[in-house]
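Inspection log for the structure reproduced underneath, given as structure tokens.
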Amino acid sequence: MKKATSRGLDVFDEAVEKGLSGPFWFIVGADTQLGLEDSWRLTALKKRPRRVSWATELERIRLLVNFVNSCHNKPRFLVVCGDLVDAFPDTDQRADQEQDFIKAFRRLDKQVPLVCVCGNHDVGNSPTPQTIQAFRDTFGDDYFSFWVSGTFHIVINSQYYEDDSGCKWESEQHSQWLQQQLKISRDEAKCTFVYQHIPYFLRRPDEPKQYFNLRVEQRTRLLRQLVEGGVKKVFCGHYHNNAGGWFPSETDRQLEVVVTTAVGCQLGSDTEVPSLEGCWPEPRTVPGIRIVRVDHSGCPSHQFVPISQLTSQCAPGDLPTEAASSTAASDVPNTAQAGRGDLPRREPLS
């Protein structure tokens, strides 16, 4: 696994990539979260989980890796938007989950870099310099940027936004670095993408604060900075369900927040989570990933595909054009139109 170092991903030659243009494609996944499925099952059965299994998550990763490896036209990279494993730092089974995550993705074709984004389970709900350094030692930098075919890609550590009480210096360094990257984006990039774990919002920019989004005043300030920096798409995870919307509004579409469900455990309104009651307006979806296509001009479109339906025919060039979308409202296509009876319907965003 090629780690990000010195705030970059040197598998991509910046001097070369800045001068290239599309089309190309990449894959967005989230919340592989090894161990959550079994832990959730035991919790629902009112059994206190001690040692859990993560065979289910590893099987889904295996299917995802098989799909990538089978594609003749390979994606430029595969990004996992946080919560790579479920065990928090310095807890039982953390090291085992990390090792199995790395081992599972070691099978990934060497032409396809794995981009690791950190989530709250990776650095802790209240990260410290020690937990951040532990993540860096295992997976690489917790924030960095890279260029692909004239487009700019920025990986953010969103846990600094959620709770930086134990890592003020690191949080400030992150903020200063991001401002530098947004200036580069504004001045040099055709299109810029951001990857982070926690979404700014799930449906609407003005929705109330809850577990799965950021504080309203904070998110508004940060989103304005991203828009001013030329960012067009923000890809997130954390919600374990598909969601997303536009900033500043559905009618004024300057930036899209795209929330992709988990590769691992799925959550939804039919999930027994007393402490998080009311967080999900819709039933749980199915495990899947997002295929993102970028055209010659740098314009992106994206489509959600369930893990169970991944075949080499899903690679861009073979995807039905009418199924691809640049809007979060079509994350789950109309079942009659798309022929996917196992996917729930979703109403358009309001």
Side-chain angles (χ1 to χ4, degrees), residues 4 7-9 11-30 73-81 112-113 115 117 143-156 158 177-197 199-201 205 222-237 244-260 289-304 315-317 319 321 323-331:
R7 305 292 169 227
L9 198 59
V11 67
F12 294 113
D13 186 323
E14 178 177 328
V16 173
E17 294 292 345
K18 287 175 74 171
L20 298 178
S21 61
F24 69 93
W25 68 291
F26 61 92
I27 294 174
V28 175
N73 173 29
K74 294 284 192 292
R76 293 300 307 274
F77 61 90
L78 163 59
V79 56
V80 180
C81 289
V112 184
V115 178
V117 181
Y143 57 94
F144 55 95
S145 62
F146 58 97
W147 288 84
V148 178
S149 293
T151 60
F152 196 40
H153 303 258
I154 303 174
V155 173
I156 286 177
S158 59
W177 171 87
L178 179 57
Q179 292 309 307
Q180 296 168 357
Q181 304 310 299
L182 293 177
K183 183 179 186 306
I184 294 171
S185 166
R186 183 174 59 250
D187 295 345
E188 304 178 35
K190 293 179 185 175
C191 184
T192 299
F193 305 90
V194 165
Y195 310 92
Q196 61 190 68
H197 183 57
Y200 294 99
F201 59 88
L222 293 169
L223 285 167
R224 284 174 178 163
Q225 291 176 2
L226 296 183
V227 168
E228 290 171 2
V231 175
K232 298 302 182 185
K233 305 287 180 187
V234 178
F235 292 101
C236 319
W246 292 89
F247 179 82
S249 69
E250 178 66 20
T251 55
D252 186 9
R253 298 182 166 196
Q254 296 183 31
L255 180 151
E256 186 182 17
V257 173
V258 185
V259 185
T260 302
I289 52 92
R290 194 169 300 279
I291 289 177
V292 184
R293 296 188 284 190
V294 182
D295 66 17
H296 285 283
S297 65
C299 182
S301 61
H302 58 82
Q303 178 184 6
F304 176 77
L319 280 172
T321 304
S325 171
S326 62
T327 68
S330 61
D331 284 344

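Rounded to the nearest 0.5 angstrom, Cys81 SG and Ile289 CD1 are separated by 12.0 Å. To the nearest 0.5 Å, atoms CZ (Phe235) and CD (Glu256) are separated by 7.0 Å. Between Gln254 atom CD and Leu223 atom CG the span is 10.5 Å, to the nearest 0.5 Å. Separating the NZ atom in Lys190 from the CG atom in Leu20 is a distance of 8.0 Å, to the nearest 0.5 Å. In this structure, OG on Ser145 lies 6.0 Å from CD1 on Ile184, to the nearest 0.5 angstrom. In this structure, Tyr200 OH and Leu222 CG are separated by 5.0 Å, a value rounded to the nearest 0.5 Å.
The two residues Cys299 and Asp295 come nearest to each other via the heavy atoms N-OD1, 2.8 Å. Here the closest heavy-atom approach between residue Pro248 and residue Pro205 is recorded as O-CG, 3.6 Å. The minimum heavy-atom distance linking Ser185 with Val231 is given by the pair OG-N, 4.4 Å. What you find for Val11 and Pro113 is that their closest heavy atoms are CG1-CG, 3.6 Å. Of all non-hydrogen atoms in Ile27 and Pro75, the two that sit nearest each other are CD1-CG, 4.1 Å. In plain terms, the two heavy atoms of Pro199 and Cys236 that are nearest each other are CA-SG, 3.7 Å.
Within a 6.0 Å radius of NZ in Lys232, no more than 12 heavy atoms belonging to other residues, nucleotides or ligands are found.
Checked against the 6.0 Å centroid criterion, the rings of Phe152 and Trp147 qualify as a close aromatic pair. Taking the six-membered ring wherever Trp is involved, the centroid distance between the rings of Phe146 and Phe77 falls below 6.0 Å.
Ring geometry for His153 against Phe193 counts as parallel: the plane angle stays under 30°, on a 0 to 90° scale with 60° as the upper cut.
For the pair Ile154/Leu182, a side-chain contact is recorded, criterion being any heavy-atom separation below 4.5 Å from C-beta on. Under the 4.5 Å side-chain criterion, counting only non-hydrogen atoms from C-beta, His302 is not in contact with Ile291. Looking at Arg76 and Glu17, their side chains come closer than 4.5 Å, going by heavy atoms from C-beta outward. Looking at Cys191 and Pro300, their side chains come closer than 4.5 Å, going by heavy atoms from C-beta outward. By the 4.5 Å heavy-atom criterion applied to side chains, Trp25 and Val292 are not counted as neighbours. Contact of the Phe26 side chain with the Val148 side chain is not registered, since no non-hydrogen atoms from C-beta on lie closer than 4.5 Å. At a threshold of 4.5 Å between non-hydrogen side-chain atoms, the residues Val80 and Val28 do not count as touching.
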TODO: Apply side chain to side chain contact (heavy atoms under 4.5 Å, CB included) to the pair Tyr195 and Val115, showing each step before the final yes or no.
DONE: CA-CA 10 Å; Tyr195 310 92; Val115 178; 5.8 Å; no
Open item on the list: One pair to check against side chain to side chain contact (heavy atoms under 4.5 Å, CB included): Trp246 and Val257. What are the steps and the verdict?
Closed with: CA-CA 6 Å; Trp246 292 89; Val257 173; over 6 Å; no
- [ ] In sequence, state the C-alpha distance, the side-chain angles, and the governing distance for Gln196 and Val194, and then conclude on side chain to side chain contact (heavy atoms under 4.5 Å, CB included).
- [x] CA-CA 7 Å; Gln196 61 190 68; Val194 165; 3.6 Å; yes
Open item on the list: Is there a side chain to side chain contact (heavy atoms under 4.5 Å, CB included) between Val234 and Val258? Walk through the geometry before answering.
Closed with: CA-CA 6 Å; Val234 178; Val258 185; over 6 Å; no
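His197 places no side-chain N or O within donor-acceptor distance of the main-chain N or O of Gly237, the cut-off being under 3.5 Å.
With a 6.0 Å cutoff to the six-membered ring centre and a 45° limit on the axis angle, Arg7 counts as a cation-pi contact of Tyr143.
A salt bridge links Glu188 and Lys18; the closest N-O separation between the charged side-chain nitrogens and carboxylate oxygens is under 4.0 Å.
In the model, Thr151 has no side-chain atom that pairs as donor or acceptor with a side-chain atom of Ser149 under 3.5 Å.
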